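Comments concern the structure below.
A, B, ... follow the sequence lines: proteins, then strands. Residue 1 opens every chain. Note that the coordinates shown come from a computational prediction; the quantities given were computed from them, not determined experimentally.
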Protein chains: 2
Amino acid sequence: MVTTRDIAERLGVSISTVGRALADDARISEETKFRVRQAASEMGYVGNRAARMMRGASSNVVALVIPDIRNSFYSTIAHELSKNMEAEGFQLMLSETDDDRMVELRHLRELYANRVAGVIIVPTARPHNESVKLLRTLPHLQLLRRHPSLGSQWFGVDDHEALREATAHLVALGHTRIAYLGGPEELPTGADRLRGFRTALREGGLPDDAGRTELGPPSSVGHGRQTVRRLLRGPDAPTALVLGSIQLTLGVLEELSEQGVKVPGELSVVGFGDEPGFSWWGPGLTTIGMPIQEMATGCALWLMRRLKTKAGTDDPYTSVSPGSLILRGSTASPDGRTPSETARATAVD
Amino acid sequence: MVTTRDIAERLGVSISTVGRALADDARISEETKFRVRQAASEMGYVGNRAARMMRGASSNVVALVIPDIRNSFYSTIAHELSKNMEAEGFQLMLSETDDDRMVELRHLRELYANRVAGVIIVPTARPHNESVKLLRTLPHLQLLRRHPSLGSQWFGVDDHEALREATAHLVALGHTRIAYLGGPEELPTGADRLRGFRTALREGGLPDDAGRTELGPPSSVGHGRQTVRRLLRGPDAPTALVLGSIQLTLGVLEELSEQGVKVPGELSVVGFGDEPGFSWWGPGLTTIGMPIQEMATGCALWLMRRLKTKAGTDDPYTSVSPGSLILRGSTASPDGRTPSETARATAVD
DNA sequence: CTGAAAGCGCTAACAC
DNA sequence: GTGTTAGCGCTTTCAG
């Protein structure tokens, strides 16, 4: 492991001359700088960041704390962050919580021990008290989910509006028995999406029992499969289904394919997110597209700026990106007409 | 930022006593240990790993260097590593190279500057010379791709056999114009897969011009779309297609869906990898399943052991996991019979 | 059982 | 222009 001292000895100069030369200090002659850089390169010198950090330099590591990287929302975010940060010389640390607050805490402790420069976090439903304390002393940013105790720097999407729009689409088609399958209410996103669903029903003038809600683990494909199977077996089976998470959507699609359920004939479906396979599923999945990429880029740029300018930019900051409903073939009127036929019929009426 | 010194001052003991108490040194009385731990906890003390590293402690960070986390192979690997490492108190650094050797080099420099404990890398086609040097001084492990200059610690899958098996399946069905679309030959995986394809043709007794190979960027969905479009337009359009990368498969599936190509009627297709949507694509995609998860777990365990036991376990190590052909509906004889019909026919013949 | 002191690699006063 | 020195937070001799 070659150090500045090694270079100094070899060149017969002092350690600080080497340090200054490498830092391109104005007081060092060009010739010395050249010799030092030459030697450093030859000897394979790479500065020790641990030592620099002890001298007050800040880390160049930013951590991303998320439930599960296999969820494409999060891998998109990780990619976008990584790309933007690499350009600025930052490295990305990846911490998966599996939505377990104790795992989250252990990660945050490690991140703090490593004195990371910043943290971008999709918090668990109820972060541990110590997690909150740790984050208070670290530049951080919440993503998607927003927990009041973790400050007011937040980048997310308009979950309420997205679900409202998706549900309103089904209401407009004439559905009166609509089910919503999404994450638990204790997650901020889960609560917002559920509210959006209910808002649309209310605005559509539907009675309270028109909507049926099934909440559960948002990242469980299996839970999606089981729930949709149960929903369809019941006596008052819904004629339409709105999803509130990618993984649940994946489970539902698998199950519906396997059972040979006719979509949109027997059931209209609105998915969540827009995965590669969604467009070729059955008649094409009508789904809620989320601007994850844009959000992640914004988030990266904001944090980079925050970290570069030492300034205490701790002002509340909120960025809400809108989702968009992508219309394909999986939704139709309960009587079997397609959306366009319904539109025409409505126009004639 | 609270240090051991702060604790020492508050308790009126020396810094070394605090250090020893926190390290659970045998020479410190239980009472003192208790008081120190109490104070540390109250004051929110978290040890500074940078300082520890300067005293010779090793980092608890392992880096994963991959082309693109959005590729589900890599996100699965990242997840599996993360899960296994968290249990051992390690953190995961994520570095994306975008298959650019200069980006790869910049990442490796940073990783070295941060003195990471180890590196798990899916190398670019031709790593920079300095990258090779850096890796030599760092415990590392190659994943999937294997570059001779980067040592002989490698975890991967049997690409040759996987493609051989997939292609043999098509040959057995009676196809005589088979196309292979995969990554460039300069990637070790690309070369192996291509060889597997050719081996199967040869073993099937097909002439050299039976196989048509299209090599290109393995992670470009768009390239997959364009190539399949071009292939199908030609005069000698193949009757079967084997894919050699996930992203290319995604592109091909999108394009075939969009163009309404009849599968397996007009074209038999064998995909690469097994994504959620592959089972519900058209008639179900026959595809090459890769045991990525098992490989990643093995890889994590191996590296953890290697890092825990300071021992210089630098013996060559190679682990090859076998892929498996998953039969669904996208392959049939060129004359339109399904695989089972062919089997029966063959039996009768 | 506990304290004093040295030193890891680097940077930044403070000399000359 | 360059050298000397101190000190970041921690561990680890070496002394009591």
Side-chain angles (χ1 to χ4, degrees), chain A residues 1-40 43-61 109-117 137 310, chain B residues 1-40 43-61 109-117 137 310:
Chain A
M1 198 122 300
V2 33
T3 71
T4 45
R5 182 200 191 113
D6 297 330
I7 301 178
E9 281 175 358
R10 168 160 154 179
L11 261 48
V13 296
S14 77
I15 296 178
S16 34
T17 298
V18 172
R20 284 197 272 253
L22 292 172
D24 202 21
D25 190 299
R27 307 173 282 186
I28 301 291
S29 72
E30 281 307 321
E31 200 218 317
T32 309
K33 278 184 192 172
F34 180 78
R35 289 179 53 222
V36 169
R37 284 200 269 253
Q38 182 87 354
M43 303 169 76
Y45 169 82
V46 177
N48 184 331
R49 179 159 266 111
R52 285 197 184 133
M53 281 174 67
M54 289 204 56
R55 292 292 314 166
S58 77
S59 161
N60 69 334
V61 175
R109 273 205 273 246
E110 284 298 336
L111 296 174
Y112 188 80
N114 282 92
R115 300 298 190 269
V116 296
T137 67
K310 307 289 188 182
Chain B
M1 198 123 299
V2 33
T3 71
T4 45
R5 182 201 190 110
D6 297 329
I7 301 178
E9 280 175 0
R10 168 158 153 182
L11 260 48
V13 297
S14 76
I15 295 178
S16 26
T17 299
V18 172
R20 284 198 270 255
L22 291 172
D24 203 22
D25 190 297
R27 306 174 284 188
I28 301 291
S29 73
E30 281 307 320
E31 200 218 315
T32 308
K33 278 185 191 170
F34 179 78
R35 287 178 55 220
V36 169
R37 284 201 269 253
Q38 182 86 353
M43 302 168 74
Y45 170 81
V46 178
N48 184 333
R49 178 159 265 111
R52 285 196 183 135
M53 281 174 66
M54 287 203 56
R55 294 286 317 166
S58 77
S59 160
N60 68 335
V61 174
R109 272 206 273 247
E110 285 297 336
L111 295 174
Y112 187 80
N114 282 95
R115 300 297 191 269
V116 295
T137 66
K310 308 289 189 180

Take B:Gly12 and B:Arg115, find for each the nucleotide of DNA chain C with the closest heavy atom, and name the residue whose nucleotide sits nearer the 5' end.
B:Gly12
Closer than 4.0 Å, any side-chain N/O of A:Thr17 to the OP1 or OP2 of D:dT2?
no
Counting only side-chain nitrogens and oxygens, does A:Ser14 get under 4.0 Å of the OP1 or OP2 atom of D:dG3?
yes
Just how far, in rounded Å, is C1' of D:dT2 from CD of A:Glu30?
15 Å
For B:Ser29 and C:dC1, is the shortest distance between a side-chain N/O and OP1 or OP2 below 4.0 Å?
no
What is the distance from CG of B:Leu22 to P of D:dG9, rounded to the nearest Å?
15 Å
Rounded distance (Å) that lies between atom C1' of D:dG1 and atom NZ of A:Lys33
11 Å
Nearest to the side chain of B:Ile28 - C:dG9, C:dT11, C:dT2?
C:dT2
Is there a side-chain polar atom (N or O) of B:Thr3 under 4.0 Å from OP1 or OP2 of D:dC8?
no
Is the phosphate of C:dT11, meaning OP1 or OP2, less than 4.0 Å from a side-chain N or O of A:Arg52?
yes
For A:Arg37 and A:Phe34, indicate whether the former's side chain and the latter's backbone hold a donor-acceptor pair under 3.5 Å.
no
Starting at atom OH of A:Tyr112, determine the distance to atom C1' of D:dG9, rounded to an integer number of angstrom.
13 Å
Select one nucleotide: of C:dG3, D:dT2, C:dT11, the one nearest the side-chain heavy atoms of A:Ile15.
C:dT11
Could you report the tightest heavy-atom contact between A:Met53 and A:Asn114, atom names first, then the distance?
CE-O, 3.7 Å
Distance, nearest 0.5 Å, that separates CG of B:Leu11 from CE of B:Met43
8.5 Å
Could you give the CE-to-P distance, from B:Met43 to D:dG9, as a whole number of Å?
13 Å
Out of curiosity, A:Thr32 OG1 to A:Arg27 CZ, how far, rounded to the nearest 0.5 Å?
13.0 Å
Nearest heavy atom decides the nucleotide; on that basis, is A:Met54 or A:Ser16 closer to the 5' end of DNA chain D?
A:Ser16
Rounded distance (Å) that lies between atom C1' of D:dT2 and atom CD1 of A:Ile7:
17 Å
Using whole Å, what does the distance between atom C1' of nucleotide D:dG9 and atom CG of A:Asn48 come to?
14 Å
Starting the side chain at C-beta, find the nucleotide from D:dC10, D:dG3, C:dC10 nearest to A:Val13.
D:dG3
Presence of donor-acceptor pair under 3.5 Å, side chain of A:Arg20 and base of D:dG3:
yes
Find out whether B:Asp6 and B:Thr3 are in side-chain contact, i.e. whether some heavy atom of one side chain is under 4.5 Å from a heavy atom of the other.
yes
Would one find a side-chain N or O of B:Arg55 under 4.0 angstrom from OP1 or OP2 of D:dT12?
no
Starting from P on D:dG9, measure out to CG on B:Asp6 and report it in whole angstrom.
8 Å
